[in-house]
Amino acid sequence: MRILGVDPGLTRCGLGVIDTLPARKAKMVAVDVLRTPSADSVDLRLGAIAEAFDSWLDTYRPDCVAIERVFARNDVSTIMGTAQASGLTMGLAARRGLPVAMHTPSEVKAAITGSGRADKKQVTSMVTRILGLDAPPKPADAADALAIAICHSWRGALSAQSTPGINKDLTERKAGGRQGSGLTKAQQQWAEAMRRAK
């Protein structure tokens, strides 16, 4: 299964793609951080993220998308940008009929390091080890995106965990005629497996 992990943010949006392998192993396919200038207006920044994210969906054809869940903080402006980027990527994935799952930061840390209180250095170190990389992915947003994808492969992918809602059948989504909802062979198999599991 191919999973696209997203560490949402308006200034820096981390993207990481992994392929899951047997025995709880994974292989990194791609990682990057989308950056937008803080001097630009929010609509232009979201437009740039949308363009780049759509390009990643076209290039890497993930079977599902895992996004870090936004959590409450005191800094409203940061939370707003994170929520906007999160909603944008969620909507773009849903438009293509891709399952979307969300994982909290502490859930990701616990899955990767064994502790929900791990710091960024510990998460980066474990991501490097789990994926067998020669060097840690940089910056931290890149490592976080890969950690989210790994977390989903271990905690959510097998249970078909996704965001709340009744319409999880990808074939139904495709039949609904949503723009860009053409499914790859792997996505069709995923949809069929989900339908049989109901």
Side-chain angles (χ1 to χ4, degrees), residues 3-18 30-58 60 62-112 116-120 123-124 127 137-153 155-157 160-168 170 173 178-181:
I3 303 169
L4 171 55
V6 181
D7 182 28
L10 195 52
T11 303
R12 289 180 318 276
C13 184
L15 300 177
V17 179
I18 66 164
V31 67
D32 201 1
V33 175
L34 309 177
R35 299 172 192 274
T36 64
S38 58
D40 285 358
S41 63
V42 173
D43 59 324
L44 292 177
R45 295 170 79 186
L46 288 171
I49 292 171
E51 246 180 73
F53 189 73
D54 259 340
S55 175
W56 272 64
L57 293 176
D58 290 339
Y60 298 108
D63 297 306
C64 62
V65 175
I67 304 172
E68 186 175 81
R69 185 181 300 278
V70 178
F71 62 99
R73 293 197 322 216
N74 293 336
D75 186 358
V76 174
S77 63
T78 301
I79 234 32
M80 284 299 294
T82 303
Q84 289 166 330
S86 177
L88 175 73
T89 56
M90 192 183 311
L92 291 171
R95 194 178 74 184
R96 292 174 183 240
L98 294 171
V100 176
M102 302 194 80
H103 300 280
T104 64
S106 59
E107 181 184 358
V108 173
K109 291 173 185 178
I112 301 303
R117 296 177 158 223
D119 61 25
K120 285 197 178 281
V123 171
T124 300
V127 165
K138 292 187 180 178
D141 304 282
D144 288 349
L146 291 169
I148 293 159
I150 295 166
C151 171
H152 185 64
S153 76
R155 293 208 168 176
Q161 177 181 337
S162 189
T163 54
I166 58 168
N167 187 4
K168 295 298 169 201
L170 296 181
R173 290 183 184 191
R178 290 178 174 80
Q179 179 183 352
S181 62

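Because the structure is predicted, anything quoted here is derived from the model rather than measured.
Side-chain atoms of T124 come within 3.5 Å of backbone N or O of K120 as a donor-acceptor pair. A side-chain donor-acceptor contact under 3.5 Å links S153 to the backbone of I150. Of the possible polar contacts, none joining the S55 side chain to the E51 backbone as a donor-acceptor pair under 3.5 Å is found.
Within the 4.5 Å cutoff, the side chain of R35 has heavy atoms near those of the P139 side chain. When side chains are defined from C-beta on, I18 counts as touching L146, because their heavy atoms get closer than 4.5 Å. L98 is listed as a side-chain neighbour of P62, based on a closest heavy-atom distance under 4.5 Å. When side chains are defined from C-beta on, D58 counts as touching R96, because their heavy atoms get closer than 4.5 Å. Residues F53 and V6 form a side-chain contact, since some pair of their non-hydrogen atoms from C-beta on lies under 4.5 Å apart.
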Going through the checks in order, is the side-chain contact (heavy atoms from CB on, under 4.5 Å) test met by L4 and W56?
CA-CA 9 Å; L4 171 55; W56 272 64; 4.0 Å; yes
Quick one: do T11 and R45 satisfy side-chain hydrogen bond (donor to acceptor under 3.5 Å, both in side chains)? Show the steps, please.
CA-CA 8 Å; T11 303; R45 295 170 79 186; 2.8 Å; yes
Evaluate the side-chain contact (heavy atoms from CB on, under 4.5 Å) criterion for residues M90 and M102: first the C-alpha distance (whole Å), next the side-chain angles of each, then the deciding distance (0.1 Å), finally the verdict.
CA-CA 9 Å; M90 192 183 311; M102 302 194 80; 3.3 Å; yes
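Of all the heavy atoms in A93 and V100, the pair that sits closest is CB-CG2, 3.6 Å. Of all heavy-atom pairs spanning P8 and C13, the tightest one is CA-SG, 4.0 Å. Residues V70 and S86 share a closest heavy-atom pair of CG2-CB, 4.0 Å. Annotation for K138 and A142: closest pair O-CB, 3.9 Å, computed over non-hydrogen atoms. When all heavy atoms of T36 and A48 are compared, the pair lying nearest together is CG2-CB, 4.2 Å. Nearest heavy-atom pair, L10 versus I49, reported as atom, atom and distance to 0.1 Å: O-CD1, 3.9 Å.
Once rounded to the nearest 0.5 Å, the distance linking CD1 of I148 with OG1 of T104 reads 10.0 Å. In this structure, CG on L57 lies 7.0 Å from CG on L92, to the nearest 0.5 angstrom. To the nearest 0.5 Å, the span separating NE2 on H103 from CZ on R155 amounts to 9.0 Å. Atom CZ of R12 is separated from atom CG of D32 by 13.0 Å, given to the nearest 0.5 angstrom. Atom CD of Q84 sits about 12.0 Å away from atom OG1 of T89, to the nearest 0.5 Å.
The residues D54 and R95 are annotated as salt-bridged, a charged nitrogen and a carboxylate oxygen being separated by less than 4.0 angstrom.
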